[in-house]
Amino acid sequence: MVQISLPDGSVRAFDAAPTGLALAESIGRGLAKAAVAMRVDGVLMDLTRTIDTDATVAIVTRDQPEGLELLRHDAAHALAEAAKELYPDVQVTIGPAIDNGFYYDFHRATPFTPDDLARMEERMREIVDRDEPIQREVWNRDDAIAYFQSIGEQYKAEIISDLPQDEVITLYRQGDFIDLCRGPHLPSTGRLGKAFKLMKLAGAYWRGDHRNAQLQRVYGTAWASDKDLKAYLTQLEEAEKRDHRRLGREMGLFHQQEEAAGMVFWHPKGWRLYRRLEAWLRERLERESYVEVKTPQLVDRKLWEASGHWEKFHDSMYIAENEEGLRAYVENPKERIFALKPMNCPCHVQIFNQGLKSYRDLPMRMAEFGSCHRFEPGGALHGIMRVRNFVQDDAHIFCTEDQIISESKAFCALLLGVYRDLGFTDVFVKLADRPAKRHGSDAVWDKAEQALAAACDVSGLPYVLNPGEGAFYGPKLEFTLRDAIGREWQCGTLQVDFVLPERLGAFYVGEDGAKHHPVMLHRAIFGSFERFIGILIEHYAGRLPMWLAPTQVAVATIVSDADGYAQEVATLLRASGLQVELDRRNEKINYKVREHSLAKVPVMLVVGKREAEERTVSIRRLGRPDQETMALADAIAALVADAAAPDGVQSPVAAAAE
RNA sequence: GCCGACGUAGCUCAGGGGUAGAGCAACUGAUUCGUAAUCAGUAGGUCCGCGGUUCAAAUCCGCGCGUCGGCACCA
């Protein structure tokens with residue numbers, strides 16, 4: 001007799017140990033149909049296994065998150081089976097479930113083509129129709145290795161060899177295909193359903209290491225139902241519509257071209273957006289007692305050697321000299337050569353080092369909107385998000401060890417306020433702590449890590465540990481925000497640095513009259529302006545908040561009789577500080593409304609004969625079908641108020657009140 | 001950097017060894033119209049670059065550059 005407790009608290013008794021399938025059947029047909037696996041006393045298992053002892057069991061269904069994950073994993077297996085059937089020369093490697101789907105990495109001498117993708121997907125559907133039972137088998141380790149070697153599956157044999165000695169080796173068999181897998185799996189391939197689609201081909205390195213063989217990765221998406229699949233594909237189309245490269249062109253913000261790969265040509269409208277954002281952030285920094293500096297683009301290699309960057313990154317640094325100097329450098333690499341700065345910190349230390357600093361000067365918060373060049377590998381470039389020339393909203397806080405906590409707290413507050421004002425409220429943090437190879441004593445690391453953790457706590461920021469991922473010079477916080485369609489972007493950073501000040505000879509005179517090295521906090525909120533603006537564009541799908549919109553108001557006439565008045569309206573708006581486009585073209589109002597809507601102009605003022613006579617305007621806001629007619633003076637006042645940048649002033653006051 | 005795909009008018013794309021195509025945009029003209037496309041006409045090209053095959057190359061082949069999707073990288 002086996003007693004099984006269910007999640008609703010009820011208990012069912014069975015004479016003989018039932019399988020998960022039988023249990024599900026006994027509860028209900030609908031549940032049995034949707035079942036993909038079960039949890040027995042918390043352990044995920046195949047439905048085909050029997051429940052031998054009294055236990056608490058929950059049936060996992062295909063629409064639950066973990067059920068969906070299993071489904072995707074099964075889709076990967078079906079893909080592998082299809083690939084093996086169609087192309088006997090492939091070797092299978094790994095095929096996990098991922099967000100929205102799955103992939104499988106294959107080894108094969110000849111590359112797959114898009115046609116192969118279609119064939120494999122077709123074969124997967126046949127495998128589902130065959131409804132092959134999926135059977136779990138426990139194998140002896142050496143037998144398993146020998147077996148996979150015998151069928152030419154070297155990668156599988158290697159995976160098993162590397163599994164811990166005490167690991168139970170399970171293989172899953174479906175049709176003629178047998179694969180190493182931890183499981184669990186569906187009872188049969190028919191349960192997978194057909195809500196999947198193979199999406200793309202890509203290269204991927206074996207075990208993620210570029211020194212290893214390159215495999216062919218096939219990506220697919222898989223869902224519990226056709227409806228979900230369709231919704232996902234629609235969502236992809238929507239994401240494509242907010243692609244910053246597309247919107248950048250459509251809205252006339254910037255362009256990029258071959259002659260300056262990885263760099264940005266900002267057009268007037270894009271540059272206006274950039275400048276507004278910069279000016280706004282600058283004001284925020286000044287309020288927090290940052291001082292702004294500007295440092296050289298070209299700096300002698302000596303400085304980069306001293307900072308340690310040359311040794312580690314000289315491959316991706318641009319060097320510069322005149323022709324004669326370059327020739328001399330090529331002949332003798334010891335010749336003097338300049339490099340375009342890949343970052344600002346060494347230069348900031350140079351400024352700090354001018355004149356004697358006292359502990360009374362600390363903390364010193366030195367900011368720079370520093371233009372940096374890095375020779376990023378060609379395959380890494382991506383619109384304006386990953387470029388070779390970018391501007392960091394960089395700052396370095398020179399402080400004492402005792403000031404790390406308060407400075408970190410203040411920075412978190414500043415960062416959160418900036419994000420919030422830009423429409424990002426969903427922020428989380430990773431705390432990357434000490435790596436194996438590091439500088440500085442454990443006591444100092446303790447202090448720094450604690451300071452960063454404390455800063456998160458006080459700021460109400462949840463953080464997850466990113467163990468061992470800190471820089472060799474200190475721990476760091478990595479700030480990640482979630483955009484309107486749920487994508488995550490790591491933007492901000494706060495890094496504690498015990499090393500650079502020492503390497504570059506920075507010191508201050510302490511209360512004790514002795515010289516001490518300051519701690520440097522490297523911090524950024526946007527990370528890079530280029531990338532952050534890309535994120536903003538995609539977050540808002542181009543419909544930027546009014547204060548950032550490159551064109552804030554379009555004044556459009558209905559008839560040419562209103563031209564004079566429209567001109568006057570535009571002039572008054574401009575005098576009030578708004579960015580205005582005047583559209584007096586001989587076009588129908590429908591046409592103009594459509595055009596300015598597509599251009600994502602937040603406000604349209606439509607003026608016809610009536611408005612001109614009454615000195616009013618008809619206001620139409622982007623994305624809304626209705627209009628409102630208002631006296632001109634009232635409208636201007638309202639629009640000016642709408643266009644005000646968030647000033648964040650209320651936040652410290654509110655914080656003080658709390 | 002690696003794997004794969006792609007590069008034709010301002011944009012989106014068709015064509016695939018023998019005279020370069022469409023829609024939208026642009027320009028010209030007509031139309032003066034009330035909130036997401038008025039009509040007609042005109043003009044527009046180093047088919048990414050270089051080399052090769054061929055009587056003939058946008059088309060086939062090679063190399064390069066760039067873009068896209070991944071992978072690796074990201075101080």
Side-chain angles (χ1 to χ4, degrees), chain A residues 103 105 108 110-114 116-117 199-219 240 243 245-246 249-250 252 255-262 304 307-317 341-346 372 374-383 385-388 390 392 394 471-473 476 490 493 495 497 500 522 527-528 531 554 556-563 584-599 604-611 618-629:
Chain A
Y103 67 77
D105 285 347
R108 187 181 183 226
T110 44
F112 288 127
T113 66
D116 293 327
L117 210 64
M199 303 294 283
K200 54 202 175 191
L201 293 164
Y205 298 105
W206 169 236
R207 299 198 151 161
D209 190 327
H210 68 281
R211 288 164 301 193
N212 290 340
Q214 186 152 39
L215 307 170
Q216 298 188 60
R217 177 169 296 180
V218 178
Y219 280 96
E240 208 173 305
D243 188 306
R245 291 164 296 198
R246 176 188 178 132
R249 186 182 59 239
E250 287 174 359
H255 88 272
Q256 296 178 279
Q257 69 186 50
E258 208 169 319
E259 287 79 358
W304 309 115
S307 70
H309 291 102
W310 185 266
E311 189 192 356
K312 222 175 157 193
F313 294 110
H314 71 272
D315 280 347
S316 47
M317 284 170 71
K341 72 174 170 187
M343 46 159 31
N344 307 298
C345 24
C372 298
R374 296 178 184 176
F375 186 79
E376 301 284 0
L381 300 178
H382 177 86
M385 302 270 214
R386 185 89 183 261
V387 285
R388 291 184 171 142
F390 55 94
Q392 294 179 319
D394 202 7
F472 71 91
Y473 50 75
K476 55 185 174 186
Q490 198 209 301
T493 185
Q495 308 178 8
D497 184 352
L500 203 60
H522 306 244
S528 109
R531 179 161 175 273
T557 53
I558 295 172
V559 291
S560 51
D561 287 349
D563 281 2
R584 293 188 298 188
R585 290 174 304 170
N586 180 8
E587 294 289 351
K588 286 190 161 182
I589 193 62
N590 282 313
Y591 184 86
K592 295 184 182 182
V593 166
R594 179 180 152 82
E595 270 215 334
H596 296 294
S597 300
L598 289 174
M604 278 195 74
L605 296 187
V606 175
V607 294
K609 236 182 206 161
R610 200 158 63 227
E611 284 80 7
S618 166
I619 305 182
R620 184 195 168 101
R621 288 178 195 272
L622 182 58
R624 293 230 306 259
D626 57 319
Q627 308 115 45
E628 185 185 1
T629 301

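No hydrogens, no waters, no symmetry mates; every other heavy atom, side chains included, goes into these values. In what follows, chains carry the letters A, B, and so on, assigned in the order in which the sequence lines appear, proteins first and then strands, with residues in each chain numbered from 1.
- The gap from the P atom of B/rU53 to that of B/rC61 amounts to 16 Å, rounded to the nearest Å.
- B/rU42 and B/rU46 have their C1' atoms separated by 24 Å, with the value rounded to a whole Å.
- As rounded to whole Å, 12 Å separates atom P of B/rG4 from atom CZ of A/Arg108.
- Annotation: B/rU28 and B/rU67 have their C1' atoms spaced 36 Å apart (nearest Å).
- Here B/rU12 is the nucleotide among B/rU12, B/rA75, B/rA36 with the atom lying nearest to any side-chain atom of A/Arg249.
- Within the structure, a side-chain polar atom (N or O) of A/Tyr219 is placed less than 4.0 Å from OP1 or OP2 of B/rC71.
- A gap of 15 Å separates the C1' atoms of B/rG7 and B/rA14, to the nearest Å.
- Checking B/rC73, B/rG70, B/rG66 against the side-chain heavy atoms of A/Ala261 singles out B/rG66 as nearest.
- We find the CZ-CD distance between A/Arg585 and A/Glu595 to be 4.5 Å, quoted to the nearest 0.5 Å.
- In this model, the phosphate group of B/rC73 is not approached by any side-chain N or O of A/Arg386 to a distance below 4.0 Å at OP1 or OP2.
- Residue A/His382 has its side chain nearest to B/rG69 when only B/rG69, B/rU38, B/rG66 are considered.
- The phosphate of B/rA36 (OP1 or OP2) has a side-chain N or O of A/Asn590 nearer than 4.0 angstrom.
- Between the CZ atom of A/Arg207 and the P atom of B/rA72 there is a distance of 14 Å, rounded to whole Å.
- Look at CD on A/Gln257: it is 15 Å from P on B/rG49, rounded to the nearest Å.
- Taking the P atoms as reference points, B/rU19 lies 24 Å from B/rC6, given to the whole Å.
- Listed nucleotides B/rA37, B/rU67, B/rG66 differ in distance to A/Leu381; the shortest reach to its side chain belongs to B/rU67.
- Distance from the side chain of A/Glu258 is smallest for B/rG66 among the nucleotides B/rG66, B/rU35, B/rA75.
- In this structure, A/Arg374 does not reach the B/rA75 phosphate: none of its side-chain N or O atoms is under 4.0 Å from OP1 or OP2.
- A/Arg211 has no side-chain polar atom (N or O) that falls below the 4.0 Å cut-off from OP1 or OP2 of B/rG1.
- A/His309 NE2 to A/Leu500 CG: the interatomic distance, rounded to the nearest 0.5 Å, is 6.5 Å.
- The CD1 atom of A/Ile558 lies 12.0 Å from the CG atom of A/Asp563; values are rounded to the nearest 0.5 Å.
- On the C1' atoms, B/rC47 is 24 Å away from B/rC27, given to the nearest whole Å.
- Separation of the P atoms belonging to B/rC55 and B/rG41 is 44 Å when rounded to the nearest angstrom.
- Atom C1' of nucleotide B/rG69 and atom CG of A/Asp243 are separated by 12 Å, given to the nearest angstrom.
- The base of B/rG66 does not come close enough to the side chain of A/Gln256 for any donor and acceptor atom to sit less than 3.5 Å apart.
- In this structure, A/Arg207 does not pair ionically with A/Asp209, as no charged nitrogen and carboxylate oxygen lie closer than 4.0 Å.
- Comparing the P positions of B/rG69 and B/rG29 gives a spacing of 43 Å, expressed to the nearest Å.
- The listed nucleotides are B/rC73, B/rG34, B/rA36; the one nearest the side chain of A/Glu376 is B/rC73.
- When the nucleotides B/rA75, B/rA36, B/rG34 are ranked by their closest atom to the side chain of A/Arg610, B/rG34 comes out on top.
- With B/rU35, B/rU32, B/rA37 as the choices, the nucleotide that has an atom nearest any side-chain atom of A/Tyr591 turns out to be B/rA37.
- Checking B/rG70, B/rA75, B/rA72 against the side-chain heavy atoms of A/Gln495 singles out B/rA75 as nearest.
- Straight-line distance from the CD atom of A/Glu595 to the C1' atom of B/rA25: 9 Å, rounded to whole Å.
- Here CG of A/Leu201 is found 12.0 Å from CZ of A/Arg217. Values are rounded to the nearest 0.5 Å.
- When each of B/rC33, B/rG70, B/rA75 is scored by its nearest atom to the side-chain atoms of A/Lys588, the top-ranked nucleotide is B/rC33.
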